[in-house]
Undergrad: 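Structure below; questions to follow.
Computed from a prediction, not measured in an experiment: that's the story for all the values here. Here, residue 1 is the first one in the sequence, and each next residue gets the next number.
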Amino acid sequence: MNTPESLPVTLDDVLEAQKLLDGIIARTPVESSRALGAMVGGEVYFKCENLQRAGSFKVRGAYVRMARLSESDKKRGVVAASAGNHAQGVAVAAKSLGIKARIYMPLGVALPKLAATRSHGAEVVLHGHNVDEALAEAQRYADDTGAVFVHPFDNVDVVAGQGTLGLEILEQVPNVDTILMGVGGGGLLAGVAVAVKARAKELGREIRIIGVQAENAAAYPPSLAADALVPLKKVSTMADGIAVGRPGQLPFSIIRELVDDVVTVSEDSLARALIFLLERAKMVVEPAGAVGVAALMDGKIENPGTTAVVLSGGNIDPMLMLKVIQRGLSAAGRYMTVRMMLDDRPGSLATIARIIAENDANVTGLDHTRVGGSISMGDVSITVNLETKGHEHGEQVLGALRAEGFQPIVVH
């Protein structure tokens with residue numbers, strides 16, 4: 001195994017990046033979570049990069065990359081591609097440095113991220129259906145025009161800039177045992193691993209670094225197993241900030257040497273984590289920023305000890321938040337959609353309403369129809385949206401309906 005000093009990015013690189021960022025970025029706070037700590041049996045702290053400039057850690061690496069450009073390179077301008085966070089980071093850094101920025105974003109990108117990127121002064125071009133297609137077009141533009149391509153993760157300056165977050169965690173949580181964060185291309189995980197592992201070696205102690213991916217966008221576990229980049233055929237996750245189908249070559253070369261593990265979490269786990277952060281931590285966090293919390297809540301991390309979880313970004317589309325909240329409540333047993341067939345006669349619906357009311361559930365929506373391919377003459381199909389108090393309460397409501405002769409089917 002390589003030592004931190006022999007890798008393409010070193011602690012000295014991260015320290016130099018920290019100097020460049022002094023006065024440019026916010027030193028984001030660390031907040032303790034007693035609720036999550038009680039779940040896992042140890043102290044848990046949130047590193048709140050959702051409160052960073054432009055709403056995520058991405059401005060760190062983008063600024064370092066662009067600040068180190070020559071004057072002639074700065075005059076040619078920069079180009080980047082992103083679904084949101086890197087785009088905003090590049091836009092903010094470019095504005096600070098007086099550099100013209102052109103940014104490619106996928107079609108269908110969240111409107112708040114699109115508007116925020118433009119508000120920082122960048123020219124935005126919509127292209128492709130995913131980040132990989134936008135990246136390819138941005139690279140083509142760089143080749144054709146001479147603009148400097150600012151990669152979101154596969155660059156030594158970007159990795160060094162992201163690594164400054166690790167130095168801050170060590171200063172703010174000096175007794176940390178485990179650091180968790182999401183991983184897409186790998187720039188953040190690689191940079192933090194370089195900084196923290198080198199510092200831990202100096203201190204003569206062990207600090208675990210663990211990456212977390214959405215299970216439907218998890219390219220690192222198979223790549224690490226094969227010791228080679230293994231691109232995914234399909235990526236599908238609400239965590240658009242880490243929806244990357246192929247690890248970066250540079251971050252991968254560091255992560256395979258320094259990172260202790262990469263685990264995965266489901267979409268339902270992500271939704272539950274976001275609900276937890278809203279309700280218990282009062283934190284607005286995007287799905288990619290909540291994967292570490294999801295991993296802890298799922299028990300994916302054994303003996304975490306004192307844990308720092310990076311909430312890497314807070315740029316979430318309100319429409320996505322609406323869907324995620326509904327999914328999270330459903331996964332927690334607090335929201336349920338039930339469908340059943342009734343006799344089409346007066347009083348049937350009233351009976352359903354009585355049973356639900358007697359069992360202290362709340363109806364939030366109802367669909368009542370007599371027409372459909374599977375509906376017989378004399379029958380009616382009803383779909384009821386219910387608020388419940390958890391899985392046990394939901395089963396109580398279903399049991400009461402069955403006891404009265406109904407056959408409820410949970411559809412959501």
Side-chain angles (χ1 to χ4, degrees), residues 33-36 38-39 214-216 236-239 265-287 290 293-294 296-299 316-412:
S33 175
R34 285 180 291 180
L36 190 52
M39 286 186 198
E215 62 184 24
N216 295 330
S236 176
T237 176
M238 70 175 80
V265 294
S266 69
E267 298 296 290
D268 280 348
S269 294
L270 266 176
R272 284 193 296 268
L274 286 167
I275 294 291
F276 175 88
L277 285 163
L278 282 170
E279 289 188 332
R280 303 302 298 272
K282 316 307 179 203
M283 286 285 177
V284 176
V285 179
E286 62 189 272
V293 174
L296 281 177
M297 293 176 68
D298 278 0
I316 182 169
D317 180 358
M319 291 303 295
L320 174 60
M321 180 180 284
L322 187 64
K323 296 175 184 176
V324 167
I325 288 173
Q326 189 177 61
R327 181 166 186 158
L329 291 175
S330 178
R334 294 166 55 190
Y335 180 87
M336 181 168 58
T337 300
V338 175
R339 183 176 298 148
M340 60 194 112
M341 302 298 294
L342 312 179
D343 293 333
D344 190 9
R345 57 183 174 78
S348 293
L349 188 56
T351 301
I352 295 289
R354 173 183 59 78
I355 295 168
I356 292 171
E358 288 175 350
N359 285 274
D360 203 24
N362 187 41
V363 175
T364 62
L366 184 143
D367 179 70
H368 179 280
T369 182
R370 295 181 174 88
V371 181
S374 61
I375 302 174
S376 303
M377 290 292 292
D379 288 343
V380 60
S381 172
I382 133 175
T383 303
V384 187
N385 298 327
L386 298 171
E387 286 180 344
T388 53
K389 299 173 183 177
H391 292 293
E392 186 175 336
H393 184 217
E395 287 300 321
Q396 175 189 319
V397 175
L398 294 173
L401 289 167
R402 294 182 185 116
E404 293 276 356
F406 300 104
Q407 296 180 320
I409 298 172
V410 178
V411 295
H412 180 69

Undergrad: For the atom pair OG1 (Thr364) and CD (Gln326), what is the distance rounded to the nearest 0.5 Å?
TA: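 Interatomic distance, Thr364 OG1 to Gln326 CD, rounded to 0.5 Å: 8.0 Å.
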Undergrad: Roughly how far, to the nearest 0.5 Å, is CG of Asp343 from CG of Leu349?
TA: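 These two atoms lie 13.0 Å from each other.
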Undergrad: How many angstroms lie between CZ in Arg327 and CG in Leu270, if you round to the nearest 0.5 Å?
TA: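 Separation between the atoms: 9.0 Å.
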Undergrad: Can you establish whether the number of heavy atoms outside Gln407 located under 6.0 Å from its atom CD is more than 12?
TA: no
Undergrad: Do any N or O atoms from the side chain of Thr351 and from the backbone of Gly347 form a donor-acceptor pair under 3.5 angstrom?
TA: yes
Undergrad: For Met39, is the CE atom crowded, meaning more than 12 foreign heavy atoms sit under 6.0 Å from it?
TA: yes
Undergrad: Give, for atom CD1 of Ile356 and atom CG of Leu366, the distance between the pair rounded to the nearest 0.5 Å.
TA: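 The CG atom of Leu366 is 8.0 Å from CD1 of Ile356, to the nearest 0.5 Å.
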Undergrad: Which pair of non-hydrogen atoms, one from Leu386 and one from Val338, has the smallest distance, and what is that distance?
TA: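 Shortest heavy-atom separation between Leu386 and Val338 comes out as CD1-CG2, 4.3 Å.
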Undergrad: Within the structure provided, determine whether Val363 and Asn385 are in side-chain contact (heavy-atom separation under 4.5 Å).
TA: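 No - every pair of side-chain heavy atoms lies 4.5 Å or more apart.
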Undergrad: Can you check whether Gly333's main-chain N or O pairs, donor with acceptor, with His393's side chain at less than 3.5 Å?
TA: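 No; zero donor-acceptor contacts below 3.5 Å.
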Undergrad: Identify the two heavy atoms, one from Pro287 and one from Ala239, that lie closest to each other, and give their separation to 0.1 Å.
TA: CB-CA, 3.6 Å
Undergrad: What closest approach, in Å, do Ala290 and Leu277 show between heavy atoms, and which atom pair accounts for it?
TA: CB-CD1, 3.8 Å
Undergrad: Locate the shortest heavy-atom distance separating Thr383 from Thr337; write the atom from each residue and the value.
TA: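 Nearest pair, atom of Thr383 first, then Thr337: CG2-CG2, 3.5 Å.
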Undergrad: Closest approach of Ser269 and Ala294, non-hydrogen atoms and distance?
TA: O-CB, 3.7 Å
Undergrad: Mind listing the closest non-hydrogen atom pair of Gly328 and Ile275 along with its distance?
TA: CA-CG1, 3.8 Å
Undergrad: More than 12 non-hydrogen atoms from neighbouring residues, nucleotides or ligands closer than 6.0 Å to CZ on Arg354, yes or no?
TA: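 Atom CZ in Arg354 is packed in, count exceeds 12.
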Undergrad: Can you tell me how far the CG atom of Leu398 sits from the CD1 atom of Ile409, to the nearest 0.5 Å?
TA: 11.0 Å
Undergrad: With the side chain counted from C-beta on, respond yes when Arg272 and Asp298 share a heavy-atom pair under 4.5 Å apart, and no when they do not.
TA: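 Yes. Closest side-chain heavy atoms under 4.5 Å.
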Undergrad: Report the distance from atom CZ of Arg334 to atom CG of Leu329, rounding to the nearest 0.5 Å.
TA: 5.0 Å
Undergrad: Is there a donor-acceptor pair closer than 3.5 Å between any side-chain N or O of Asp317 and the backbone N or O of Met319?
TA: yes
